[in-house]
Asks: 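Right, I'll just put the structure down here and ask away after.
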Amino acid sequence: MSFRKNTFNNNPNYNNNNSSNNNSNNSNNSINGNVDAKLKKIVETITPRAEVFIKEFYYPKYDSARADLIGLYKDHSVSIWNGTECKGPEHIGKLLAEIPHSVHVVETFDAQPVPSDDKENPNILITATGKVTYKTTSQHQFHQTFLLVKDPTNPNLFYLSYDCIRLIS
């Protein structure tokens, strides 16, 4: 997985095991309380991608070079910062520029597949929680949700279709 031009790369070779496992019991797995093998495999591949996005890309950039994140958004992308909504890279960039310097500490995150045309490599819904400090004095708990969607012009790249951060305390 790599990043190019401030976009998140959805490398289709990340999961290089493309064998099809046609287990006749798969259709009964959800009835028996077991996770479908294909779904389990998808979740196992998106979780490391989400971790890289959260811990190695998004929050480090957010805390040190926010302007670099603008390339993740498209014209129809929406970002909500504690109730203030912006649409499109230009408006999101202005909002990000107004937010005081921050330091995020991610405590938990979760990733779930969101159905798309590509069943093996879906869009990704990520939630993250932790602590954020603004201007070294104001500390808050936060909860943030991201929807990473495959770029229609390049299916190997994700863009941020939606993100919403709420300060909890």
Side-chain angles (χ1 to χ4, degrees), residues 1-12 14 42-43 45-169:
M1 182 169 307
S2 63
F3 304 96
R4 185 179 60 177
K5 295 183 184 175
N6 300 319
T7 57
F8 185 64
N9 190 333
N10 177 28
N11 184 346
Y14 184 82
I42 289 169
V43 170
T45 61
I46 66 169
T47 300
R49 292 176 185 183
E51 184 171 21
V52 167
F53 176 77
I54 293 294
K55 294 183 177 180
E56 297 178 22
F57 185 72
Y58 185 82
Y59 290 112
K61 289 279 189 191
Y62 193 98
D63 292 340
S64 65
R66 279 190 203 141
D68 291 350
L69 294 174
I70 303 308
L72 290 174
Y73 298 94
K74 298 277 186 190
D75 289 340
H76 59 276
S77 297
V78 174
S79 180
I80 302 172
W81 187 84
N82 210 34
T84 301
E85 181 177 326
C86 292
K87 185 174 182 180
E90 182 181 341
H91 296 286
I92 293 169
K94 288 178 184 177
L95 174 67
L96 291 176
E98 293 175 9
I99 298 170
H101 174 72
S102 60
V103 176
H104 288 80
V105 177
V106 175
E107 295 173 344
T108 65
F109 77 93
D110 184 46
Q112 297 296 321
V114 176
S116 68
D117 293 338
D118 184 350
K119 304 279 187 236
E120 300 294 320
N121 200 14
N123 299 323
I124 304 173
L125 179 70
I126 303 171
T127 58
T129 64
K131 293 184 176 112
V132 59
T133 304
Y134 294 104
K135 291 187 175 179
T136 69
T137 59
S138 176
Q139 188 176 65
H140 304 275
Q141 292 284 110
F142 76 90
H143 179 271
Q144 190 159 10
T145 303
F146 303 92
L147 179 58
L148 293 171
V149 175
K150 281 190 264 173
D151 188 327
T153 62
N154 185 344
N156 291 328
L157 298 177
F158 280 115
Y159 72 92
L160 262 171
S161 175
Y162 174 85
D163 84 272
C164 177
I165 186 167
R166 295 296 286 187
L167 302 179
I168 301 167
S169 62

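Along the sequence shown, the residues carry numbers beginning at 1. Side-chain atoms are counted along with the backbone in the values below, which use heavy atoms only and exclude waters and symmetry mates.
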Asks: Can you list the steps and then say if Lys74 with Asp151 is a side-chain contact (heavy atoms from CB on, under 4.5 Å)?
Replies: CA-CA 9 Å; Lys74 298 277 186 190; Asp151 188 327; 2.8 Å; yes
Asks: Of the non-hydrogen atoms in Val114 and Ile124, which two are nearest, and what is the gap between them?
Replies: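 In terms of heavy atoms, the two residues are closest at CG2-C, 4.3 Å.
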Asks: May I ask you to decide whether Glu90 forms a salt bridge with Lys94, counting only side-chain N to carboxylate O separations under 4.0 Å?
Replies: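 Lys94 and Glu90: salt-bridged.
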Asks: Gln141 vs Thr129, test: side-chain contact (heavy atoms from CB on, under 4.5 Å). Steps then yes/no.
Replies: CA-CA 7 Å; Gln141 292 284 110; Thr129 64; over 6 Å; no
Asks: Run the side-chain contact (heavy atoms from CB on, under 4.5 Å) check on Thr45 and Asn121 step by step: do they pass?
Replies: CA-CA 9 Å; Thr45 61; Asn121 200 14; 5.9 Å; no
Asks: Within this structure, what is the CZ-CZ distance for the pair Phe53 and Phe109, rounded to the nearest 0.5 Å?
Replies: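 Rounded to the nearest 0.5 Å, the CZ-CZ separation comes out at 12.0 Å.
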Asks: Which is it for Phe57 and Leu69 under the side-chain contact (heavy atoms from CB on, under 4.5 Å) test, yes or no, and what are the steps along the way?
Replies: CA-CA 9 Å; Phe57 185 72; Leu69 294 174; 4.3 Å; yes
Asks: Please give me the minimum heavy-atom distance between Arg66 and Leu96, naming the atom from each residue.
Replies: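 Between these two residues, the closest heavy atoms are NH1-O, 3.1 Å.
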Asks: Taking NZ, NE, NH1 and NH2 as the nitrogens, is one of them in Asp117 or Lys150 under 4.0 Å from a carboxylate oxygen of the other?
Replies: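 Answer for the salt bridge query: no.
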Asks: Under a 4.5 Å cut-off applied to non-hydrogen side-chain atoms, are Asp75 and Pro89 in contact?
Replies: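 Side chain of Asp75 against side chain of Pro89, heavy atoms only: contact under 4.5 Å found.
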Asks: Starting at OG1 of Thr145, measure out to CD1 of Ile165 and round the result to the nearest 0.5 Å.
Replies: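 Between Thr145 OG1 and Ile165 CD1, I get 9.5 Å after rounding to 0.5 Å.
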Asks: Please round to the nearest 0.5 Å and tell me the distance separating atom CZ of Arg166 and atom CH2 of Trp81.
Replies: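 Arg166 atom CZ to Trp81 atom CH2 measures 10.0 Å (nearest 0.5 Å).
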Asks: Drop me the distance from Cys164's SG to His143's NE2, to the nearest 0.5 angstrom.
Replies: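 Between Cys164 SG and His143 NE2, I get 9.0 Å after rounding to 0.5 Å.
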Asks: Nearest 0.5 Å, please: how far is CD in Gln144 from OG in Ser79?
Replies: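 Rounded to the nearest 0.5 Å, the OG-CD separation comes to 7.5 Å.
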Asks: Between Ser116 and Asp118, is there a side-chain donor-acceptor contact under 3.5 Å, judged purely by atom types and distance?
Replies: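 The criterion, which ignores hydrogens and geometry beyond distance, is not satisfied for Ser116 and Asp118.
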Asks: With rounding to the nearest 0.5 angstrom, report the CG to CG distance, Leu148 to Leu157.
Replies: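 Between Leu148 CG and Leu157 CG, I get 11.5 Å after rounding to 0.5 Å.
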Asks: Apply the ring-ring contact (aromatic ring centres under 6.0 Å, His included) test between Phe146 and each candidate in Tyr162, Tyr58, Tyr73, Tyr62; give the one that qualifies.
Replies: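 Of Tyr162, Tyr58, Tyr73, Tyr62, ring-ring contact (aromatic ring centres under 6.0 Å, His included) with Phe146 is met by Tyr58 alone.
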Asks: Under the side-chain contact (heavy atoms from CB on, under 4.5 Å) test against His140, which residue among Thr133, Leu167, Asn82 passes?
Replies: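 Output: one option passes, namely Leu167.
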